[in-house]
Amino acid sequence: MGSSVEQNILVTGGAGFIGTHTAVQLLKEGFKVSIIDNLDNSVIEAVDRVRELVGPDLSKKLEFTQGDLRNKGDIEKLFSKQRFDAVIHFAGLKAVGESVGNPRRYFDNNLVGTINLYETMAKHNCKMMVFSSSATVYGQPEKIPCMEDFELKAMNPYGRTKSQPYSLLWQLFLEEIARDIQAAEPEWRIVLLRYFNPVGAHESGRIGEDPKGIPNNLMPYIQQVAVGRLPELNVYGHDYPTEDGSAVRDYIHVMDLADGHIAALRKLFDDPKIGCTAYNLGTGRGTSVLEMVAAFEKASGKKIPIKLCPRRLGDATAVYASTEKAEKELGWKAKYGVEEMCRDQWNWANNNPWGYQKKL
Ligand SMILES: NC(=O)c1ccc[n+]([C@@H]2O[C@H](COP(=O)([O-])OP(=O)(O)OC[C@H]3O[C@@H](n4cnc5c(N)ncnc54)[C@H](O)[C@@H]3O)[C@@H](O)[C@H]2O)c1
Ligand SMILES: O=c1ccn([C@@H]2O[C@H](COP(=O)(O)OP(=O)(O)O[C@H]3O[C@H](CO)[C@H](O)[C@H](O)[C@H]3O)[C@@H](O)[C@H]2O)c(=O)[nH]1
């Protein structure tokens with residue numbers, strides 16, 4: 001790719017966890033960044049901290065709009081003002097529990113919002129997209145590591161009911177929509193990034209994950225136990241056929257993930273034949289829940305009390321990525337291990353025990 005200096009990137013959901021970290025890296029790499037976010041699961045303080053991290057000069061290249069992808073007018077307004085070279089699409093709701101109880105809200109937000117985005121992009125002839133997908137599309141993999149060409153088993157009816165939480169199906173639908181659009185209109189270039197388990201925070205401790213309510217995911221939960229917001233960690237499952245009986249995942253540092261988006265953008269700009277292609281973003285290493293707890297205790301010097309509980313419905317035993325395709329085709333490889341993930345997660349937690357809130 002040539003110089004990225006004037007490339008203008010629309011980042012939907014850019015005020016969120018992965019979006020803020022990606023925005024910092026994009027600005028540092030010389031891209032112009034425009035964020036659209038409805039602040040449903042984020043706060044404006046997070047965007048202010050991105051500005052603080054990149055400094056006053058690069059901040060001039062960052063624009064924020066409070067808007068909602070469900071409202072086509074909000075997207076249209078942005079596209080009618082400026083030309084975007086590509087879109088990184090993070091905006092979406094992701095709380096698994098809530099999506100079971102309220103699937104309409106999830107389909108409306110995640111499917112309608114995404115379709116509105118594609119339509120507006122097409123209208124303005126911006127046909128390059130990096131999309132946030134997830135390792136969840138592999139369901140309960142029969143083999144590990146997960147390779148991008150695995151059959152997405154959850155798409156068959158048996159897989160749907162038996163091994164895939166119903167609530168996560170929208171992620172598969174969105175991948176299918178991307179493939180269909182690109183097949184019908186071959187000028188589209190779409191990269192689907194299948195994130196494994198994003199954790200950690202920017203090394204400054206100024207931005208990080210700040211879930212509303214009680215966290216669903218392991219690391220934010222551990223972090224809240226460490227700062228005294230929650231009394232103990234429930235370890236879901238201690239009878240899995242793994243070394244220590246707890247489930248295994250591929251945790252990936254959010255800064256590595258952010259860099260993966262830049263590698264994906266470069267691929268989009270460079271490769272007219274990319275079509276619609278999926279890449280795993282993981283480290284290729286599996287870590288158990290109990291190993292993660294031990295690593296966090298070491299990094300923080302805090303004891304994390306645990307309670308061994310039954311397995312969580314729909315959870316897979318062990319999931320980790322094959323990283324070969326991303327390494328070969330994107331020239332991207334995760335740099336950080338579990339030690340750095342826990343160090344940076346703790347630094348964020350210790351400096352911001354209540355997240356972006358100023359006080360209790
Ligand atoms: N964090 C993970 O574990 C993980 C794993 C796999 C995939 N993903 C996907 O990656 C994306 C980003 O995840 P994240 O962890 O940063 O989540 P996040 O909730 O922190 O960020 C998403 C952002 O999108 C915004 N948003 C939601 N709906 C919107 C709408 N209709 N219009 C405008 N803005 C909207 C939210 O306010 C939030 O700031 C999501 O699509 C998520 O499903 C996340
Ligand atoms: O309080 C907790 C929370 C989690 N876990 C365990 O920790 C592991 C990781 O759980 P997370 O909820 O952090 O992550 P998942 O692998 O279940 O799923 C996450 O990563 C997936 C991609 O792999 C999808 O993106 C999904 O939406 C996202 O929640 C699982 O074995 C889970 O049972 C606990 O023991 N206690």
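Counting starts at 1 for both ligands and their atoms, following the listed order. One-based numbering along the sequence shown.
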Is it the side chain, the backbone, both or neither of [X] that has a heavy atom closer than 4.0 Å to ligand 2?
X      : result
Tyr221 : side chain
Leu218 : both
Asn217 : both
Asn216 : backbone
Tyr240 : neither

If we only count N/O pairs under 3.5 Å, is Ser134 in contact with ligand 1? no
Quick check: does Asn217 get an N/O under 3.5 Å from an N/O on ligand 1? no
Which residue and heavy atom of the protein sit nearest atom 37 (O) of ligand 1, plus the separation: Asp37 OD1, 2.7 Å
Just grab all the ring pair (Phe, Tyr, Trp, His ring centres under 6.0 Å) pairs involving residues 227-267, residues at least two apart or on different chains. Phe90-His261, Tyr195-His261, His253-Tyr336
I'd like to know if Arg105 and Asp40 make a salt bridge, using a cut-off of under 4.0 Å between side-chain N and carboxylate O. yes
Indicate the atoms forming the closest heavy-atom contact of Glu340 with Gly337, along with that distance. OE1-N, 2.8 Å
Contact atoms of ligand 2, heavy-atom distance to Val235 under 4.0 Å: 35 (O)
